[in-house]
Engineer: 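Questions regarding the structure given below will be posed in turn.
In the text below, chain A, chain B and the rest are named by the order of the sequence lines, each starting its count at 1.
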Amino acid sequence: MLQVYNTLSGKKEEFTPIEEGKVRMYVCGLTVQNYSHVGHIRSVVNYDVIRRYLEYKGYDVYFVQNFTDINEKIVARAREEEMSPSELAEKYTRAYLEDIARMNIKTADAYCTATVNIEQMINIIEQLMERGYAYESEGNVYFSVEKFPDYGKLSGRNIEEMDAGSRVNVKEDKKHPLDFALWKKVKDDDVKVWDSPWGPGWPGWHIECSTMAGKFLGHKIDIHGGGTDLIFPHHENEIAQSEACFGEKPFVKYWLHNGTIDLSGEKMSKSLGNFYTTREVLDKYSADILRYFLITKHYHSPVEFSYEEMDKAEISFKKIRNTRNDVHQITEQIPDKSDSSFEIKSFLNKIDSFEEAFFAAMDDDFNTARALGELHNFTGEINSLINSPDFQITEETRFVLKKAEDKLNTVLEILGFSTGQKKAAASEQEQLNEELISYILDLREQARREENWSLADSIREDLSQRGIKVKDTSHGPTWKIEDDE
RNA sequence: GGCGGCAUAGCCAAGUGGUAAGGCAGGGGACUGCAAAUCCUUUAUCCGGCGGUUCGAAUCCGCCUGCCGCCUCCA
């Protein structure tokens, strides 16, 4: 049974989608004003894993993500880069899509942007005004929080307390300090604005998510995700707008929030200027390692990013990957013998208990940290088995290890790691290459048998120079094309 | 000032009532021509502090201390 922590209730709840077998999922994307940073990518990886897991469990998931492509920041950044806001947004949207492709993120079923949905937003703002939830003031339109009794239910606040403690300068044209903009008047002559019944301007930030979630997923959705820093006011305001306009509640059944990435104890963010972009980290480490680093912690917790910890993650992840590769090498080989006295049947139980433990962890609010711990236990068992002195490759051991390999591939796939096995699509050229490498290694084995270590070592070194890493094992040499790790 | 969260070994990190997963680093072995990898073993009588509830708490309650997030743009 899958349980998820719902910010709305503050508890873990059993996950049951609104419509059986289907999951409608909306995740706040980013303001496309710059390259994505590690904090963004953590969020993306997190919901990628959640989505993959839901799909693995058989749900038909429809996943939508937005881009905020117009606001004051975009305009400011566009000036800096001397281009139009739309050009800037396009540039960084494209960069983002490149980043997530490198990260092996499954693409959303739909991406949406604010600027192509202005009409729908205006429509919703009009409805809110008709229903008395919103008012116009000097060309701006605000949502009136006092008209929405549930305001604060997500973030656990109430209007009176907030009002008392407010330290923010309040715009005088608001009826209540917490009222937020649905439509903003913009008088900048150099910037493209949109016409509206209230004059030229552009939409407030929050309305785009209500509008687009409603448009693509309907008025009630199963999962809405984002960073903890969006709980208030962004998601609180989304609830207010959507429930007030569509009249259905709850707008979102499960609110999921991921923790932020910190640097030296402070939140990594563009406004603080303390961030590492996704691409600069990916220039140093593979996507798998960054992903591993991110999911060894529970997704709610804040995570301190550092290259020291990335180095540890690299070593730790490679253990898992090496085991997967070693097992694969064995299952690909022709058995030495048809049978032997080596006892392996009991290992099937270990495969089963691993499976059980792994999925129990994932069912517990997507506890990837625990799941990875179980994975390490399992790879340890496998290594212990295949490295034991009397291990032999027989039909039987191969059969059992094939099961283990399949299990490993399944969980690595769920967690979104690259599976790396591209054997199926090997071209003729690749096959020829493989045959040549096998041939070279056969010659090297001959040299080794003759204890011609200098020749054997220089062959290994030369191959390594060409990106082919050779490893001598008790079952003979293995090789692989070096990845960028 | 308000709301919320966190505090587990040298580091990272699971664990929400039954007696401390996992990874990194370190110690000791093994395997090995070398390299790479791997295995075994070891490292918290204790979970920020003080009280309380309980047969029993890192886990529940109270107080205290420290750190962080949000309340302004933010994944």
Engineer: Taking A:Glu280 first and then A:Lys284, would you say they form a salt bridge - that is, a charged N and a carboxylate O separated by under 4.0 Å?
Structural biologist: no

Engineer: Heavy atoms under 4.0 Å is the rule here; annotate nucleotides 32-41 of chain B 5' to 3' with B where the base is hit, S where only the sugar-phosphate is, and - elsewhere.
Structural biologist: -BBBBSSS--

Engineer: Output the rounded distance in Å from CG (A:Asn377) to P (B:A13).
Structural biologist: 19 Å

Engineer: Please report, rounded to the nearest Å, how far the C1' atom of B:C12 is from the CD atom of A:Glu309.
Structural biologist: 4 Å

Engineer: Does B:A75 have OP1 or OP2 under 4.0 Å away from a side-chain N or O of A:His40?
Structural biologist: yes

Engineer: To the nearest Å, give me how far apart NZ (A:Lys153) and C1' (B:G4) are.
Structural biologist: 18 Å

Engineer: Detail all sub-3.5 Å separations between protein N/O atoms and N/O atoms belonging to nucleotides 15-17 of chain B.
Structural biologist:
unit_1, atom_1, unit_2, atom_2, d
B:G15, OP1, A:Asn367, ND2, 2.6

Engineer: Just list the side-chain donor-acceptor pairs under 3.5 Å for residues 375-386 of chain A, sequence neighbours left out, or say none.
Structural biologist:
unit_1, atom_1, unit_2, atom_2, d
A:His376, ND1, A:Leu372, O, 3.3
A:His376, NE2, A:Ser316, O, 3.4
A:His376, NE2, A:Ser316, OG, 3.4
A:Thr379, OG1, A:Leu375, O, 3.3
A:Thr379, OG1, A:His376, O, 3.1
A:Glu381, OE1, A:Lys350, NZ, 3.3
A:Asn383, OD1, A:Thr323, OG1, 3.1
A:Asn383, ND2, A:Thr323, OG1, 3.0
A:Asn383, ND2, A:Thr379, O, 3.2

Engineer: Can you confirm if the NZ or CZ of A:Arg51 lies within 45° of the ring axis of A:Phe63 and under 6.0 Å from the centre of its six-membered ring?
Structural biologist: yes

Engineer: With the side chain of A:Leu230 defined as its heavy atoms from C-beta on, choose the nearest nucleotide among B:C68, B:A75, B:G2.
Structural biologist: B:A75

Engineer: Using atom C1' of each nucleotide, how far apart are B:G15 and B:G51 to the nearest Å?
Structural biologist: 25 Å

Engineer: Between atom CD1 in A:Ile100 and atom P in B:A75, what is the gap in whole Å?
Structural biologist: 15 Å

Engineer: Please walk me through it: do A:Thr260 and A:Asp229 pass side chain to side chain donor-acceptor pair (under 3.5 Å)?
Structural biologist: CA-CA 8 Å; A:Thr260 53; A:Asp229 50 355; over 6 Å; no

Engineer: Base of B:C12, side chain of A:Lys297 - is there a donor-acceptor contact under 3.5 Å?
Structural biologist: no

Engineer: In plain terms, say whether A:Lys312 and A:Glu308 are close enough for a salt bridge, that is, a side-chain N and a carboxylate O under 4.0 Å apart.
Structural biologist: no

Engineer: C1' atom, B:U65 versus B:G48: distance in rounded Å?
Structural biologist: 8 Å

Engineer: Distance to the ring centre below 6.0 angstrom and angle to the axis at most 45 degrees; does that hold for A:Arg157 and A:Phe232?
Structural biologist: yes

Engineer: Kindly say whether, by distance alone, the side chain of A:Lys73 makes a donor-acceptor pair under 3.5 Å with the base of B:C73?
Structural biologist: yes

Engineer: The test is side chain to side chain donor-acceptor pair (under 3.5 Å); show your working for A:Asn117 and A:Glu208 and say whether it passes.
Structural biologist: CA-CA 8 Å; A:Asn117 289 289; A:Glu208 69 176 72; over 6 Å; no

Engineer: Using the C1' atom on both, measure B:A14 against B:A44 and round to a whole Å.
Structural biologist: 15 Å

Engineer: Once you round it to whole Å, what is the distance between C1' of B:G69 and CD of A:Glu304?
Structural biologist: 14 Å

Engineer: Hey, would you say the A:Tyr307 and A:Tyr276 ring centroids sit under 6.0 Å apart?
Structural biologist: yes

Engineer: Measure the distance from NE2 on A:His234 to P on B:C71 and round it to the nearest whole Å.
Structural biologist: 13 Å

Engineer: How many whole angstroms separate atom CD of A:Glu236 from atom C1' of B:C73?
Structural biologist: 18 Å

Engineer: Relative to A:Phe293, does A:Lys297 satisfy both conditions: NZ or CZ under 6.0 angstrom from the six-membered ring centre, and within 45 degrees of the ring's axis?
Structural biologist: yes

Engineer: What is the separation between atom OH on A:Tyr292 and atom P on B:G22, rounded to the nearest whole Å?
Structural biologist: 13 Å

Engineer: Do the two ring centres, one from A:Phe67 and one from A:Tyr96, sit under 6.0 Å apart?
Structural biologist: yes

